[in-house]
Amino acid sequence: QFGPERRQDQIAPCSLEREVRTRDGRWYLLEVHPYRIGIESTGAVVMNMVAITSLKKAQADLSRIQERNVLAQRVAHFGVWEWDIASGALEWSDTIEGFFGLSKGDFGGSYQAFLDMVHPEDRTAVMNAMQACVEQGAEYDIEFRIVRPDGNIRWVAETGDVQRDAKGAALRMTGMLRDIHDRRLAQAALEENQHHYHRLFDEAPHVICLLDAQGNIRENNEVAKDLLGYSQSELYGMHALKLVPETAREAGRRNLARLLGCELLNGENCLLQSKTGEVIPMEVSGVPEMRDGVLFGARVVLRDVREKK
């Protein structure tokens, strides 16, 4: 509308730029430029409108995806990171900063800042694992402790891969970090319970045998070996009825059938026979062991009744 004679230098730098939406929901980028008529005055403006509805939709979709990713990371207790190997710059997702006890934006943003927060006893292992991944292509998958600013120590697990150029030189490393503190605490508690259980198991004054669903011995304590004269390897896998003398085999078979039929045994009289042929009067109690509603085996305790005499 300003005519073909308009020169390029008659358009001043953009003085207004706004995103606007029409009533029907379409988006436009509005640019308004002052237009000079003559040398001294400004008598008009040039308005330029660019349709950006598709761009706005893409931005909204991306924002929703990012929000979902952040939520997923928080729920699943993991975050993502990227390390520029040449510069040492390290980018963390917000979730990782939370794992390390930092507020958003407080992380120093470097590989060294990360190492400074790794537990001193684990730092060398982390550095060696990363170096092996970068230089040798080894798998980077490690669990280690971190020390938060408040002194709290927590366990994390980290995995990563290296991106390389066409010549194989390492450019950057990307990966994922997971908060595994609760799992490590549960694992430690389980190991302690198992240690306590095995100590009681081995120190019990009576014969204790764990049977499988067919009646074979899958575990026994030291008293069983000492009393019966068999080695651990000999007892493992032996059917329980082989420890019963022939004269008492039928009664032993009935007791075993009851136990493996999910009945309790409580102080039943029985006989065992040692490797040397000695017949030993015993008192047997047993409990069936179920897993997911299916018979897994049984726990059996046998007491030498000669102690009563």
Side-chain angles (χ1 to χ4, degrees), residues 76-77 139 141-143 155 157 159 178 180-309:
H77 299 285
E139 181 182 16
D141 187 351
I142 188 171
E143 297 182 359
W155 279 94
T159 57
R178 291 177 290 119
I180 60 167
H181 191 68
D182 291 343
R183 177 175 69 78
R184 289 294 300 233
L185 291 181
Q187 180 181 340
L190 178 60
E191 291 174 355
E192 176 62 26
N193 287 339
Q194 289 177 335
H195 175 74
H196 180 67
Y197 164 77
H198 283 293
R199 190 178 72 239
L200 294 176
F201 186 79
D202 289 332
E203 295 177 358
H206 309 304
V207 173
I208 300 178
C209 292
L210 305 183
L211 309 180
D212 62 21
Q214 289 72 47
N216 301 306
I217 298 174
R218 55 187 174 88
E219 192 172 353
N220 57 269
N221 64 352
E222 294 293 326
V223 176
K225 294 191 298 181
D226 295 340
L227 184 67
L228 299 173
Y230 290 97
S231 67
Q232 183 67 53
S233 60
E234 290 174 321
L235 286 172
Y236 181 77
M238 180 185 294
H239 197 275
L241 289 179
K242 290 186 178 181
L243 295 174
V244 179
E246 188 65 36
T247 56
R249 191 71 54 83
E250 187 58 36
R253 186 176 290 108
R254 288 195 301 268
N255 282 336
L256 185 61
R258 288 172 54 196
L259 185 59
L260 299 182
C262 298
E263 292 186 35
L264 298 177
L265 295 181
N266 187 16
E268 303 288 341
N269 292 323
C270 70
L271 296 175
L272 291 185
Q273 187 170 355
S274 70
K275 187 176 182 179
T276 61
E278 179 185 6
V279 175
I280 307 169
M282 307 291 289
E283 189 176 82
V284 58
S285 298
V287 179
E289 187 177 356
M290 310 294 293
R291 293 191 182 177
D292 298 324
V294 178
L295 180 71
F296 179 75
R299 302 176 184 179
V300 179
V301 178
L302 298 111
R303 189 167 68 88
D304 189 345
V305 297
R306 294 177 299 180
E307 300 173 0
K308 294 181 177 181
K309 299 179 181 180

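The figures here come from the full heavy-atom set of this structure, side chains too, leaving out hydrogens, waters and symmetry mates.
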- Task: Find the distance between CE (Met282) and CD (Gln273) and round it off to the nearest 0.5 Å.
- Result: 13.5 Å
- Euclidean distance, Glu250 CD relative to Asn255 CG, rounded to 0.5 Å: 10.5 Å
- Item | Short side-chain to backbone donor-acceptor contact, Asn221 and His206, under 3.5 Å | yes
- Message: Checking the side chain of Ser285 only, and the main-chain atoms of Gly267 only, is there a donor and an acceptor separated by less than 3.5 Å?
- Response: yes
- Task: Take Lys225 and Glu222, measure what side chain to side chain contact (heavy atoms under 4.5 Å, CB included) needs, and give me the verdict at the end.
- Result: CA-CA 5 Å; Lys225 294 191 298 181; Glu222 294 293 326; 3.1 Å; yes
- Can you name the closest pair of heavy atoms from Cys209 and Asn220 and give their distance? SG-CB, 4.1 Å
- Query: Say you draw a straight line from CG of Leu228 to NZ of Lys275; how long is it, rounded to the nearest 0.5 Å?
  - Reply: 11.0 Å
- Task: Verify, without hydrogens or angle tests, whether Asp304 (side chain) and Arg306 (backbone) share a donor-acceptor contact under 3.5 angstrom.
- Result: yes
- Take Leu272 and Leu227 through the side chain to side chain contact (heavy atoms under 4.5 Å, CB included) test and state the conclusion after the steps. CA-CA 10 Å; Leu272 291 185; Leu227 184 67; 5.5 Å; no
- Query: Less than 4.0 Å between a side-chain N and a carboxylate O, is that true for Glu143 and Arg183?
  - Reply: yes
- Check step by step if side chain to side chain contact (heavy atoms under 4.5 Å, CB included) holds for Ile280 and Leu302. CA-CA 11 Å; Ile280 307 169; Leu302 298 111; over 6 Å; no
- Any side-chain heavy atom of Val284 sitting closer than 4.5 Å to one from Val300? yes
- N/O donor-acceptor pair under 3.5 Å between His239 side chain and Asn216 backbone: no
- Item | Closest contact, heavy atoms only, Leu264 versus Pro288 | CD2-CD, 3.6 Å
- Item | Donor-acceptor contact present, side-chain Arg249 to main-chain Val244, <3.5 Å | yes
- Arg254 and Glu268: CA distance, side-chain angles, deciding distance, salt bridge (Lys or Arg N to Asp or Glu O under 4.0 Å) verdict: CA-CA 11 Å; Arg254 288 195 301 268; Glu268 303 288 341; over 6 Å; no
- Message: Using 0.5 Å steps for rounding, measure from the SG atom of Cys270 to the CG atom of Leu243.
- Response: 10.0 Å
- Note on the structure: In short, Met238 meets Glu234 closest at the heavy-atom pair CE-O, 3.4 Å
- Item | Over 12 foreign heavy atoms within 6.0 Å of CZ, Arg299 | no
- From CA spacing to verdict: side chain to side chain contact (heavy atoms under 4.5 Å, CB included), Ile217, Leu210: CA-CA 6 Å; Ile217 298 174; Leu210 305 183; over 6 Å; no
- More than 12 non-hydrogen atoms from neighbouring residues, nucleotides or ligands closer than 6.0 Å to CG on Asp226, yes or no? yes
- Message: I want to check something: taking the side chain as every heavy atom from C-beta on, are Leu256 and Leu211 in contact at a cut-off of under 4.5 Å?
- Response: yes
- Which heavy atom of Leu271 sits nearest a heavy atom of Pro245, and at what distance? O-CD, 3.5 Å
- Between CD on residue Glu289 and CG on residue Leu295, distance to nearest 0.5 Å: 8.5 Å
